[in-house]
Student: 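Can you keep this structure in mind? I'll have questions shortly.
These values consider heavy atoms only, across backbone and side chains, with no hydrogens, waters or symmetry-generated copies. As the structure is a prediction and not an experimental result, all values here were calculated from the model. Sequence positions, counted from 1, serve as the residue numbers for this chain.
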Amino acid sequence: APVSLDWPSGLYHGELKAVDRGTEVGSTEFTVLIGPAGLAGRHPRLWFDTAGLAALKARLGEPRFRDVAESTRRDAVKAREALPLDRFYFDVNVFPKDEPLLGNVPRSIYPWFDRIGAWRAGIQDNALAYALLADQEAGRYAAGLLVRLCAQTPWLHPWFESRGQHIYYPVAELGMDVALGYDLVYDLLDEPGRKTVRDGLWRNVIMGCNRSYVVDDLVTNSTSN
């Protein structure tokens with residue numbers, strides 16, 4: 001029967017066990033998220049709240065963390081130089097659905113990895129530099145890259161989609177960086193830009209995960225990685 005919960009908001013970990021005549025015959029772990037009321041239209045704050053951000057900035061200002069701060073700034077500059085916004089292009093949609101294999105994956109998988117890696121570095125490194133070091137140029141870059149990328153589809157190499165696999169781990173990793181980047185540069189995005197990012201995450205990551213692991217009931221250890 002339905003269970004009514006009156007727990008405080010938060011993330012809970014649970015385990016469901018099946019028992020047959022006193023012997024456990026199966027179990028599955030799960031999580032339950034009870035979100036705070038009134039979240040709609042508010043900053044999601046995935047990484048930290050205002051107090052947490054202040055604490056992180058204070059620690060980065062300490063002499064022992066000077067190298068961390070400087071490497072964060074350098075990584076942001078390196079990512080911007082590797083992929084200037086005015087040179088951003090998207091061509092995953094024209095990657096071949098069928099081509100000679102490299103092992104058990106398409107030959108063009110490494111150029112695809114290169115694109116995803118550049119997008120991840122650009123978003124993550126620059127969003128961090130903006131949020132933690134107040135680097136305005138980094139923030140503008142991360143926001144611009146988020147909007148450009150999230151307006152595009154698919155992020156998944158078409159070879160996988162053509163074989164009924166709707167998600168692959170690099171896309172999920174990219175999705176995590178996009179979500180956290182969105183959190184960090186939220187105040188630099190206007191509402192149309194925010195919607196573009198949310199829609200891109202929904203279309204390219206969430207729906208693919210749902211189609212593979214919920215609708216198709218894909219068994220994770222029966223696929224690559």
Student: What are the two closest non-hydrogen atoms of Asp125 and Ala76, and how far apart are they?
Tutor: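 Smallest interatomic distance, heavy atoms only, reads O-CB, 3.7 Å.
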Student: Between Asn204 and Gly175 (side chain of the first, backbone of the second, donor and acceptor by atom type, cut-off under 3.5 Å), is there such a pair?
Tutor: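 No; zero donor-acceptor contacts below 3.5 Å.
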Student: First locate atom OH of Tyr182, then atom CG of Leu201, and finally report the distance between them rounded to the nearest 0.5 Å.
Tutor: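 So the gap between those two atoms works out to 9.0 Å.
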Student: Could you state the interatomic distance from CZ (Phe88) to CZ (Arg148), rounded to the nearest 0.5 Å?
Tutor: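 Spacing of CZ (Phe88) from CZ (Arg148) equals 8.0 Å.
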Student: Can you check whether Pro170 reaches Trp112 side chain to side chain, under 4.5 Å on heavy atoms?
Tutor: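 When only atoms from C-beta onward are counted, Trp112 and Pro170 do touch, with a gap below 4.5 Å.
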Student: Taking the six-membered ring for Trp, are Trp119 and Phe90 closer than 6.0 Å centroid to centroid?
Tutor: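 Ring centroids of Trp119 and Phe90 are less than 6.0 Å from each other.
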Student: Which value, rounded to the nearest 0.5 Å, describes the distance between Cys150 atom SG and Arg198 atom CZ?
Tutor: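 Reported to 0.5 Å precision, the distance equals 11.0 Å.
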Student: Start with the C-alpha gap between Arg73 and Glu137, add the side-chain angles, then the distance that decides, and say whether salt bridge (Lys or Arg N to Asp or Glu O under 4.0 Å) holds.
Tutor: CA-CA 11 Å; Arg73 201 182 305 276; Glu137 183 180 359; over 6 Å; no
Student: Should the pair Trp7 and Tyr12 be assigned to parallel (<30°), tilted (30 to 60°) or perpendicular (>60°) ring geometry?
Tutor: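 Answer is tilted, since the angle falls between 30° and 60°.
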Student: Would you sort out whether Arg211 and Glu161 count as a side chain to side chain contact (heavy atoms under 4.5 Å, CB included), showing the intermediate values?
Tutor: CA-CA 11 Å; Arg211 287 182 66 194; Glu161 184 67 49; 3.5 Å; yes
Student: Taking side chain as C-beta onward, heavy atoms only, is Asp216 less than 4.5 Å from His166?
Tutor: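 Yes, at least one pair of side-chain atoms sits under 4.5 Å.
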Student: Taking all atoms of both residues into account, what is the closest heavy-atom pair of Ala138 and Ala129, and its distance?
Tutor: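 Scanning both residues completely, I find the closest heavy atoms to be CB-CB, 3.8 Å.
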Student: Do Val171 and Tyr110 land in one hydrophobic cluster if side-chain heavy atoms of ILVMFWY residues count as linked below 4.5 Å?
Tutor: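 Same hydrophobic cluster.
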Student: Would a hydrophobic clustering, with Ile, Leu, Val, Met, Phe, Trp and Tyr connected at side-chain separations under 4.5 Å, put Val68 with Leu133?
Tutor: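 In one cluster: yes.
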Student: Which distance, rounded to the nearest 0.5 Å, do you find between the CZ of Arg107 and the CD of Glu99?
Tutor: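 Arg107 atom CZ to Glu99 atom CD measures 7.0 Å (nearest 0.5 Å).
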Student: Using atom types as modelled and distance alone, determine if a side-chain donor or acceptor of Asp20 lies under 3.5 Å from a backbone N or O of Thr23.
Tutor: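 Answer holds: no.
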Student: Is there a path from Val178 to Met176 through hydrophobic residues (I, L, V, M, F, W, Y) whose side chains come within less than 4.5 Å of each other?
Tutor: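 Different clusters: Val178 never reaches Met176 through Ile, Leu, Val, Met, Phe, Trp or Tyr contacts under 4.5 Å.
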Student: Heavy atoms, side chains only, cut-off 4.5 Å: are Phe160 and Ile109 in contact?
Tutor: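 Phe160 reaches Ile109 side chain to side chain.
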Student: Apply side chain to side chain contact (heavy atoms under 4.5 Å, CB included) to the pair Leu149 and Ile123, showing each step before the final yes or no.
Tutor: CA-CA 10 Å; Leu149 175 61; Ile123 292 167; 4.0 Å; yes
Student: Would you name the heavy atoms of Pro158 and Lys97 that are closest together and state the gap between them?
Tutor: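 Between these two residues, the closest heavy atoms are CB-CG, 3.8 Å.
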Student: Considering only heavy atoms from C-beta outward, does the side chain of Trp155 approach that of Ile116 to under 4.5 Å?
Tutor: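 Not touching, per the 4.5 Å side-chain cut-off.
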Student: Identify the two heavy atoms, one from Leu184 and one from Ala131, that lie closest to each other, and give their separation to 0.1 Å.
Tutor: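 Looking at all heavy atoms of both residues, the closest pair is CD2-CB, 3.8 Å.
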Student: Run the side chain to side chain contact (heavy atoms under 4.5 Å, CB included) check on Tyr89 and Leu83 step by step: do they pass?
Tutor: CA-CA 10 Å; Tyr89 66 94; Leu83 180 61; 5.8 Å; no
Student: Are Asp199 and Lys195 close enough, and set up right, to give a salt bridge (Lys or Arg N to Asp or Glu O under 4.0 Å), and what steps lead you there?
Tutor: CA-CA 6 Å; Asp199 288 349; Lys195 186 176 188 305; 2.7 Å; yes
Student: In Å and rounded to the nearest 0.5 Å, what is the CG to CD1 distance from Asn210 to Ile167?
Tutor: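 Reported to 0.5 Å precision, the distance equals 11.0 Å.
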Student: Can Tyr130 and Asp187 be counted as having a side-chain donor-acceptor contact under 3.5 angstrom?
Tutor: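 Distance-only check passes for Tyr130 and Asp187.
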Student: Within the supplied structure, the quantity of interest is the number of heavy atoms (other residues, nucleotides, ligands) at a distance under 6.0 Å from Lys57 NZ; does it exceed 12?
Tutor: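 Yes - once you tally the heavy atoms of other residues, nucleotides and ligands closer than 6.0 Å, there are more than 12.
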Student: Can you check side chain to side chain contact (heavy atoms under 4.5 Å, CB included) on Leu85 and Leu145, steps first, answer last?
Tutor: CA-CA 7 Å; Leu85 281 182; Leu145 182 54; 3.9 Å; yes
Student: As an exercise, state the distance from OG1 of Thr72 to CZ of Phe65, rounded to the nearest 0.5 Å.
Tutor: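 Output value for this atom pair is 11.5 Å.
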Student: In sequence, state the C-alpha distance, the side-chain angles, and the governing distance for Arg163 and Asp98, and then conclude on salt bridge (Lys or Arg N to Asp or Glu O under 4.0 Å).
Tutor: CA-CA 10 Å; Arg163 284 154 178 77; Asp98 291 290; 2.9 Å; yes
Student: Could you label the plane-to-plane angle of the Phe113 and Tyr169 rings as parallel, tilted or perpendicular, counting under 30° as parallel and over 60° as perpendicular?
Tutor: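 Correct class here is tilted.
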Student: Is there a side-chain contact between Ser27 and Leu16 in this structure, where contact means two heavy atoms from C-beta onward sitting under 4.5 Å apart?
Tutor: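 Of all side-chain heavy-atom pairs linking Leu16 with Ser27, none is under 4.5 Å.
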Student: Heavy-atom distance under 4.5 Å between the side chains of Arg80 and Asn126, does that happen here?
Tutor: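 They are in contact (side-chain heavy atoms under 4.5 Å apart), so the answer is yes.
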Student: Taking the six-membered ring of Tyr186 as reference, does the cationic atom of Arg194 (NZ for Lys, CZ for Arg) lie under 6.0 Å from its centre and within 45° of its axis?
Tutor: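 Judged by the rule (NZ or CZ under 6.0 Å from the ring centre, within 45° of its axis), Arg194 counts as positioned above Tyr186.
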Student: State plainly whether one hydrophobic cluster holds both Leu156 and Ile206, where clusters connect Ile, Leu, Val, Met, Phe, Trp and Tyr through side-chain heavy atoms under 4.5 angstrom apart.
Tutor: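 Shared cluster, no.
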Student: Are Ser108 and Pro96 packed together at the side-chain level, in the sense that at least one heavy-atom pair is separated by less than 4.5 angstrom?
Tutor: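 Touching, per the 4.5 Å side-chain cut-off.
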Student: If I compare all heavy atoms of Arg115 with all of Pro111, which pair ends up nearest, and what's the gap?
Tutor: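 Result for this residue pair: NH1-O, 2.9 Å.
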Student: Is there a chain of hydrophobic side chains (I, L, V, M, F, W, Y, each step under 4.5 Å between heavy atoms) that links Val77 to Tyr141?
Tutor: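 No.
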